[in-house]
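Structure first, then comments.
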There are 2 protein chains.
Amino acid sequence: MGKSENIPLPAVRRLSLYLRQLEAYADENHRTISSRQLGEVLGLSDAQVRKDLAYFGQFGHPGIGYRVPELIQRVRRILGTDKLSRVLLVGAGNLGRALIAFRGFQKRGFELAAVFDKDPDKVGQMTDGPNRLKIWDLSEMPAIVRKHSIRVGILAVPASAAQQVAEEMVAAGIRGILNFAPVPLQVGPDVSVASVDLAIHLEQLSFELNSVAP
Amino acid sequence: MGKSENIPLPAVRRLSLYLRQLEAYADENHRTISSRQLGEVLGLSDAQVRKDLAYFGQFGHPGIGYRVPELIQRVRRILGTDKLSRVLLVGAGNLGRALIAFRGFQKRGFELAAVFDKDPDKVGQMTDGPNRLKIWDLSEMPAIVRKHSIRVGILAVPASAAQQVAEEMVAAGIRGILNFAPVPLQVGPDVSVASVDLAIHLEQLSFELNSVAP
DNA sequence: CTATGTGAACAGCTTCACAGCG
DNA sequence: CGCTGTGAAGCTGTTCACATAG
C-alpha cells in the first residue's frame, strides 16, 4: 500500500475510535449502524463520520447504514490489525509491568511478545500475572526482533534513557515506537513515533478548567 | 479567565510540549532559547512556535529569543500549573497502581491526593511504593473532593464500569477527567474529558507502517 | 422515506514574508 | 544583525446540501 496521501491525519485517528465503537456494537449484536448513531456517541457530526469512512472506500449501504461486522473487517484491514501482530516492550518498571498485565492489547490485535530491561536484577526474571514473559537483556533485542518479525515496540523507560534505548530499538529493526517517556524522540524518517505523556493530558485539563471558570 | 476563544486547540496542546522542553533546557541552565531551536527539537517550524506563543502574550525579546525561566513561569500560569493542584485517582488495579508510583505528575504540578476503588478487599489498604495513600470507598469521594478542593480525576477502571464511575466523579464535584478506559464518556458540557487509549496508539503506528512499506 | 457519498462552501490552522525592536 | 510578532496568503480539514441508491 502507499496511497494514504490526501487522507487527513485526524481522519485516521478517528478511524480507530470508529473501530472501537463498532466492536462495542458488535458485542451487543447490532447488525447495522448509521453515521448519525456512530457520530452521536463519539461526539462527531454524521457528515464527519461519512466523510472519514469514505476516504478509505465505499463501505455503507444507502437507506441502511453500515453493516457492523463488515465495516469492522474493513477497518481492521486498513489499520493493519486484521492479523495479530507482535509487539515488544522495553522497560519493566511500574508502567511496563502494568502494560504487561493490560489485556486490552490482545483484544485489539496486538500480542506482547517480548520484554526487555537494562537492569541486571530484572533480566532473566519472569514477569508475574497471567501473561508470564521472560525479561531479556537489551543485547538480545536484534535477534528476537528478527526471529518474531516484530515491527513495533513500546518504550517505557525513564526519560534519561529514552533516546538511547530508542536508537537501540531502531537499530534492532523496530519501525514504530509507542513512547511513554516525556521527551521528544529524535529518529530517522523511516521510523514512526507515537508519544503518550500522562502529565501533559492533565495539563490540558487544567487549562480547560482555567479557561472557563477560574 | 475566559478569553481562550480564537486560540487554536492544536496550539494549546503544543504549549504543553513547549513547557516540557523549556524545563529540560532550564535543567541544563540555558538562559534563552530561540523559536528556531525550540521548534527544531520538537519537529515544528520556527514560525509555528512564535505564532503559538504569541496567542498567549508577548513573551519574546527580539534579537535575543525567549528567556527560559521567564517563559516557564508564564506558560505554567497559562496552563494553571503554577501552583500544585490536587488530583484523585479511581481504580487501584494494575494501571492505577502504576500511576500512583509515577513520579512525573508531581514534577509537573499535580499531586495525587486520594485513591478510590470499588473492591472491598482493596478499600482501607495502603498503596505501596514511596507515595503511600489509603484507598477509599467511592462513597467517600464527595467529602474528600470538597475537603481538598479537587477538580481533576484520573479514571483507571475497567471499561464496563467507566461510565458509571465517571458519573459518580462528576456528582462528587470533579470537572475534568483523564480517562484511561477504552470507552467514550458521556458527560455534561461543564465537564472536560481527555482520553488515553493505549491500544489506539498502537493501531495508529500499525497504520503508518502499513501505509509506507507493507 | 432513509441514509450514503460527495462536490462546493466554509472555517480553521499553518506558513510566508517582512516591519520593527533590541 | 538576529529574532520576535503579525497581517496576508495558502493550505488543510470540516460542514453543508443535495444527487443518488436501496
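Nothing here was measured: the structure is a model prediction, and the numbers come from that model. Numbered from 1 within each chain, the chains take letters A, B, ... in sequence-line order.
Atom pair D46(B):CG and dG2(D):C1' shows a separation of 12 Å (rounding to whole Å applied). Separating the CZ atom of R31(A) from the C1' atom of dA3(C) is a distance of 18 Å, rounded to the nearest angstrom. For Y66(A) and dA21(D), the OH to C1' distance is 13 Å, given to the nearest whole Å. Remark: P of dC16(D) and CZ of R36(A) are 13 Å apart, rounded to the nearest angstrom. Distance F59(A) CZ to dA3(C) C1': 17 Å, rounded to the nearest Å.
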Under 3.5 Å between N/O atoms: give me all the protein pairs with nucleotides 11-14 of chain C, atom names plus distance.
unit_1	atom_1	unit_2	atom_2	d
dT14(C)	OP1	R14(B)	NH1	2.9
dT14(C)	OP2	R14(B)	NH2	2.8

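For the pair S35(A) and dT4(C), the criterion of a side-chain N or O lying under 4.0 Å from OP1 or OP2 is met. In this model, the phosphate group of dC3(D) is not approached by any side-chain N or O of S34(B) to a distance below 4.0 Å at OP1 or OP2.
Remark on DNA chain C: of its neighbouring residues Q58(A) and I64(A), the 5'-side contact belongs to I64(A), judged by nearest-heavy-atom nucleotide.
In this structure, N94(B) contributes its side chain and A101(A) its backbone to no donor-acceptor pair below 3.5 Å. Checked by atom type and distance alone, the side chain of S192(A) never pairs as donor or acceptor with a backbone atom of L205(B) at under 3.5 Å. R175(A) places a side-chain N or O within donor-acceptor distance of the main-chain N or O of D190(A), the cut-off being under 3.5 Å.
Residue contacts shown for G60(A) are limited to sugar-phosphate atoms, with no base heavy atom under 4.0 Å away.
Two residues are said to be in side-chain contact when any heavy atoms from C-beta on lie closer than 4.5 Å; V87(A) and F105(A) fail this criterion.
Here the nucleotide nearest the side chain of A54(B), chosen from dT4(D), dG5(D), dT4(C), is dG5(D). Distances were taken from every side-chain heavy atom of R50(A) (C-beta onward) to each of dC3(D), dA17(D), dA3(C); the shortest belongs to dA17(D).
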| message | Using the rule given for salt bridge (charged side-chain N to carboxylate O under 4.0 Å, His left out), can you reason through E70(B) versus R74(B), listing the C-alpha separation, both sets of side-chain angles and the distance that settles it, and then say yes or no? | response | CA-CA 6 Å; E70(B) 178 196 353; R74(B) 305 257 209 153; 3.3 Å; yes

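Remark: R108(B) engages E203(A), E23(B) in a salt bridge (Lys or Arg N to Asp or Glu O under 4.0 Å) (not counting sequence neighbours).
For the side chain to side chain contact (heavy atoms under 4.5 Å, CB included) with Y66(A), the lone residue among L53(A), L22(A), T32(A), L38(A) that qualifies is L53(A).
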